[in-house]
Amino acid sequence: MSRSDPALNARNHVPGATAAQVVETQLMLGQIHLDRGMMEEAFLMFEAAARSHDPRALNMLGRAYERGWGTARNAARAALYFAEAARQDYGWAAFNLADLYLAGRGVAADPDRAGRLYVRAARGGVAKALTMLGLLVEDGVIHTSHASPAASLFHAAAMGGDCWGALNLGRLHLSRHDAPAARPWLERALAHGFDDVFRALAQLVAGQADPALRRIGHIAASRLQATTEYETKP
């Protein structure tokens, strides 16, 4: 598909569509292409949608540049799109921009600014941002007088549906040698996780004496292997 392809203008395919409907169609097509591994086509759809300055489209175009979906990786350019979307109070854009500032990719590393952006993302409903704030508390980047602040943030993230929050809360309980308290959170992470979470779970419970924890680790390793085998099939 070339950049001049009429598919870039969804109006050509949806007669009488409003501008908002066009953007929705472009975002939907972009996600479908992405899920099918058609990265160049996905990039073109996100690029077209972003011309509307819709914050969701700007965020997805930023992700394309960050991850190299159908285009060369360019973290600096990704940061520009994330920033524009974040100015419209789009939570995921604030989160993605925070990741760049935390890692120093495309922008100068600034953990304090990353923390402020994670707060904005959390206020925008991104549960995963609460997990990142908990990690920053553990690392001493964020200081608070609140009792057990990291645990509270991980708990809030887990209750918001973030599997990393559940995993990290389980990790804290294990660090205190409280396997019974850790188990339900690790089981929650297992139930809602994906390959990176399965890998982290398997590593976390390796060598644990508790049979229930060993079972969680075994299931996580099995799911990770199944995912790997599926992805490597010809």
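All of these numbers come straight from a predicted model, not from anything done at the bench.
What you find for A220 and A202 is that their closest heavy atoms are CB-N, 4.2 Å. Summarising the geometry of L213 relative to V205, their closest heavy-atom pair is O-CG2, 3.5 Å, with the distance given to 0.1 Å. Across every non-hydrogen atom of A122 and L133, the tightest pair is CB-CD1, 4.5 Å. When every heavy atom of L167 is checked against every heavy atom of A200, the shortest pair comes out as CD1-CB, 3.8 Å. G115 approaches I142 most closely through the heavy-atom pair CA-CD1, 4.5 Å. Between A189 and C163, the shortest heavy-atom contact is CB-O, 3.6 Å.
Considering only heavy atoms from C-beta on, L29 stays 4.5 Å or farther from E41 through its side chain. Counting heavy atoms from C-beta outward, L44 and H33 have side chains that stay 4.5 Å or more apart. Looking at heavy atoms from C-beta onward, L80 lies out of side-chain contact with E84 at the 4.5 angstrom threshold. Between W185 and H155, the closest side-chain pair of non-hydrogen atoms falls below 4.5 Å. Proximity of K128 to Y118: side-chain heavy atoms (C-beta onward) are nowhere separated by under 4.5 Å. Using a 4.5 Å heavy-atom cutoff, the side chains of L102 and M132 are in contact.
Judged by distance alone, with hydrogens and angles left aside, the side-chain atoms of R120 form a donor-acceptor pair with the main-chain N or O of A86 at under 3.5 Å. Between the side chain of Q88 and the main chain of A85, no donor-acceptor pair closer than 3.5 Å is present. Side-chain N or O atoms of Q26 include none that pairs as donor or acceptor with a backbone N or O of E47 at under 3.5 Å.
A chain of hydrophobic side-chain contacts below 4.5 Å, direct or via other Ile, Leu, Val, Met, Phe, Trp or Tyr residues, connects M60 to M39. Under the 4.5 Å side-chain heavy-atom criterion for ILVMFWY residues, a single connected hydrophobic cluster contains both V126 and F154. Transitive grouping of hydrophobic side chains (ILVMFWY, heavy atoms separated by less than 4.5 Å) brings L172 and M159 into a common cluster. Linking Ile, Leu, Val, Met, Phe, Trp and Tyr whenever their side-chain heavy atoms come within less than 4.5 Å puts L136 and V119 in one cluster. Neither L117 nor W92 shares a network with the other; the hydrophobic side chains, linked directly or stepwise wherever heavy atoms of I, L, V, M, F, W or Y lie under 4.5 Å apart, form separate groups for each.
Side-chain contact check for D112 and Y101: no donor-acceptor pair (N or O, by modelled atom type) lies under 3.5 Å. There is a side-chain donor-acceptor pair under 3.5 Å between R171 and N168.
Residues passing the side-chain contact (heavy atoms from CB on, under 4.5 Å) test with A57, sequence neighbours excluded: L27, A49, A50, D54. Evaluation of the side-chain contact (heavy atoms from CB on, under 4.5 Å) rule for A127 yields D162 as partners, not counting sequence neighbours.
Checked against the 6.0 Å centroid criterion, the rings of F82 and Y90 do not qualify as a close aromatic pair.
With values rounded to the nearest 0.5 angstrom, R188 atom CZ is found 13.0 Å from I216 atom CD1. With rounding to the nearest 0.5 angstrom, the CH2 atom of W164 is 5.5 Å from the CG atom of D196. Note that CG of L186 is 9.0 Å distant from CD of Q208, once rounded to the nearest 0.5 Å. Here the CG atom belonging to L100 is positioned 10.5 Å from the CZ atom belonging to F95, to the nearest 0.5 angstrom. Rounding to the nearest 0.5 angstrom, the gap separating the CG atom in L201 from the NE2 atom in H218 is 14.0 Å. Distance check, rounded to the nearest 0.5 Å: CG of L61 to CE of M45 gives 12.5 Å.
Only one option out of R77, R105, R73 pairs with E66 in a salt bridge (Lys or Arg N to Asp or Glu O under 4.0 Å); it is R105.
Aromatic ring orientation, Y65 versus F43: perpendicular (interplanar angle above 60°, classes split at 30° and 60°).
Heavy-atom contacts from other residues, nucleotides or ligands closer than 6.0 Å to CZ of R214 number more than 12.
Salt-bridge formation is detected for the pair D210/R183: a Lys NZ or Arg NE/NH1/NH2 atom is positioned less than 4.0 Å from an Asp or Glu carboxylate oxygen.
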